[in-house]
Every structure is written in structure tokens, then in C-alpha cells.
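Indexing begins at 1, ligand by ligand and atom by atom, following the structure's order.
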Amino acid sequence: MRYGNALSTVIEDITARKIFNSRGEETLEVDVTTTAGFGRAAAPSGASRGKAEVVPYPEDGVSQAIRKVEELIAPELIGVNAEEQEQIDFLLHEIDGTKDFRNIGGNTAYSVSLATADAASSSYGIPLFQQLAGYLASELPYPLGNVLGGGSHAHGKTPDIQEFLVLPLKATSFSEAAKANVLVHRKVGSLLKKSGGAFTGGRGDEGAWAPSMKNEDAFEIMVKACEEVSEGFGVKCGVGVDMAASTLWNSKEKCYVYARDGIERNVGEQVDFVLRLIKDYNLVYVEDPFHEEDFESFSELTKRVKKCLICGDDLFVTNKQLLAQGVRVGAANAVIIKTNQVGTLSDSWEATRIARKAQYVPVMSHRSGETTDVHIAHLAVAFQCPVIKAGVIPGDRAAKINELIRVEEALGDRAKMSVLPL
Ligand code: PGA
Ligand code: ZN
């Protein structure tokens, strides 16, 4: 039920400010006020960004982004109906005038696009997911949680592989699946503490444990923790990874450098290595196992696995052309959706539609630098993403999970879990 009319969604004011993200970096937050509502959104930021992502900020960073909001964007958007998302996003492209948002900044476009959607939902007094997808949206995603890691999200002798993840495979509710992830995170922490050595309880950018450890030892601990939680809690949990392989790739030597393990692998060896990992550890999810330009190895791997999501993040950067290119050659069967990789809600929604049509699993995702903003929880439901990658702890990650617990409660009897093709 909507409690307003189209007039209540007219944009009356747009303001922007500088705040800090979970890494203590400056980021942009935008407020949109409509006749009857208010919306707010802050931009996340990446540490292992794909080459083909839009440019996050204008040359002088967040301060210049604020000026762009005040001087270019607000005058154009004030008076427009916040409900007209496509028009808002079209205008953002028009105002910017470049292909990659280098004029206003992709994070500027992101914050305005999201804050506007938020304001429209607030004007009607309905949740954001319902504003975007209507009353019938009722499927909750499975949470993919970052439990242990290294790569560019941590320092020292942590594993080369950026993220070791847990994915509950079947749960009766979102809350139950979220609890399983918390239990696995906790179990891995206690196994690490018991393993002695130099572990001090340190965690990386996304709250995953960051022990000094070889890659294979990390897999062993993950498998053990998932088995124990699957048995004890009764929710079957699988192990996944984000290899963020572009950060391991040496383009001159044409090899992947595993500095922690002291090993280099050429392209063929990398394919064999990933296949072995999938088999040995029953992996259910593998993100970016190859560098961001190697569609061919992605296709080869995807053809050779069953019941495992092969996901492109840096490979596709939520870009519809790159995704269409991947679909044509069968590269991957899942795609990360990070709206700020492309700038606007409409752009990320288009990529999600292409994914669904090609039977790729869209995975709504946080970034390593986050705020307590909860919009991606709503986007996961609105875009019908069967999986949300949002971390487990601390607060900036739990914020998204907790919002989905609230969404589940609001949906009541209509709430149902997505079905994973696993
Ligand atoms: P980010 O990447 O650091 O660019 O957010 C995280 C990821 O690779 O999924
Ligand atoms: Zn990734």
C-alpha cells in the first residue's frame, strides 16, 4: 500500500558531505529531500578495483565530487520526480558527458542515484526493495560471508588468496543462514587460536581473520569449520574463494605469483590448480580465478565444472557489454553486481537482467571499503539476486545482514529463500 502520490516524490533539495568509510578513507554521502520524504546514500570503495570500472571520483577527489553535486547535479535534478529512476540515471549520464563518469565521478553518480531511490521509497513510506520491485518481491538471498583472507585486504604473511568464504547451501530462513555464517566465522577464529603460533586475532578490511598462513592450510581450516557447523547446526555450508587473480597476475612474465607459497603458475597451471582446489575442497563458489582479461580460461573452467559457481567480478565489473561478451563464450556462470562499478542503479539493474536471461547467478556485493549503509540488502531482494556477498562482521558488514533480517520479518509469511543451482 502506498501512502502518497506522485507529487510527494518531487525532489526539493540535494546536498553532499564528506564522511569516512571502514578504512578511514574519505567518502561521499548524499542527501535527497523530496516533498514528503528523505533519502541518504554513501559510496563504498574498492581496494582491488577492476581496470574497466568507472572512475570513482573527479580529479580532486571527494571535495570536488561535493562541488559537482552542488553546482551541476542539484540544479538539474531539483524539480524532477525521484520515482523516475531511469530518467534520474539518464540525466546523471548527460550531466557527466563521458563514458566512464570521469567528470562527476562514478561514486557521485552512485550516491545520487541510490539516495534518490531511497527518497522515493521514503516519500511513499515503503521499504526500498518494494519501491524498486513492487509488492511481489519476496525472495531472500543466501549470504556469502568472508571468513579468512589476505591478498590486498591484509598485510604480512597472510594467504595470497584474497578471500575464503562460507556459503550456506540450504536454510529455512535468511536468519538461519546468517547464523550459520557467524558460527563458521567464530569456529575458524577458535581453530586459528588453537593452532598456536603468531595469530593475534587480526582481521582484514572485510572482517575476515587474517592469519599468517599458507593458502592450503587456510583451505583445511575452512573445510573443518564448515563441516563442524554443518553437522552441529544442521545447515549445510560450502567453502568458496575470491582469488582476485588480477592482483596475482604478472603480465610481463605471464604468470600468477603466489608470493606466500613461493610458487608461480602459468595460465595452464592456474586452470589445473583451480580445478584441483574445487575437487579437493568441494568448492561451491570461485570468484575471479583468472585475471580480468582472460575470458578464455574462464570459459574453459566453467565448461569443466559442475555444481560450482564460477563468478566474474573484475572480469565483468557489472558492465553489460563485458557481461554480454562473457555470455557469448560461456565465461563464468555467475556475476558480481557492485553498483558503483558502473555508477547508477539503472546500469547495474541492466547487467543483472542480462545475467538472469543467460542463467548466470547475479551476486549482489559489498566492497572492501564500506559504511554502515544498508542499501545493498534491499537491492539484493529487488534485483532477485540468489546470493549477497556482504561479509559477516564487524558492524559495517553486519549492518547489511541485519537489514535483511528486518526485511525477512517485514515480509512475514511471504518470505522465501532463493534457490541456489548447487
Ligand atoms: P574491492 O574488491 O576491494 O575492490 O571491493 C573486493 C572483491 O574483490 O570482491
Ligand atoms: Zn572480487
- Presence of salt bridge, Asp242 and Lys389, under 4.0 angstrom: yes
- Query: Should Lys51 and Glu293 be marked as a salt bridge (Lys or Arg N to Asp or Glu O under 4.0 Å) after you check the CA-CA gap, both sets of side-chain angles, and the distance that decides it?
  - Reply: CA-CA 10 Å; Lys51 274 193 221 156; Glu293 276 151 19; 3.1 Å; yes
- Query: Hey, is ligand 1 close enough to Ser48 that some N/O pair sits below 3.5 Å?
  - Reply: yes
- Message: With nothing but distance in play, are any N or O atoms of Asp313 less than 3.5 Å from an N or O of ligand 1?
- Response: yes
- Task: Report, as yes or no, whether the 6.0 Å neighbourhood of atom CD on Glu25 holds more than 12 heavy atoms from other residues, nucleotides or ligands.
- Result: yes
- Query: Is it true that some N/O/S atom of Asp313, main chain or side chain, lies under 2.8 Å from the Zn ion (ligand 2)?
  - Reply: yes
- At the Zn ion (ligand 2), what is the angle formed between atom OE2 of Glu287 and atom OD2 of Asp242, rounded to the nearest 10°? 80°
- Any N or O on Ala47 sitting closer than 3.5 Å to an N or O of ligand 1? yes
- Query: So does Arg102 have more than 12 non-hydrogen atoms from other groups sitting under 6.0 Å from CZ?
  - Reply: no
- What protein heavy atom is closest to atom 4 (O) of ligand 1, reported as residue, atom name and distance in Å? Arg367 NH2, 2.7 Å
- Query: Can you check whether Ser365 has an N/O within less than 3.5 Å of an N/O in ligand 1?
  - Reply: no
- Message: Is the distance from the ring center of Phe273 to that of Tyr258 below 6.0 Å?
- Response: yes
- Task: For atom 9 (O) of ligand 1, grab the closest protein heavy atom and report residue, atom and distance to one decimal in Å.
- Result: Lys389 NZ, 2.9 Å
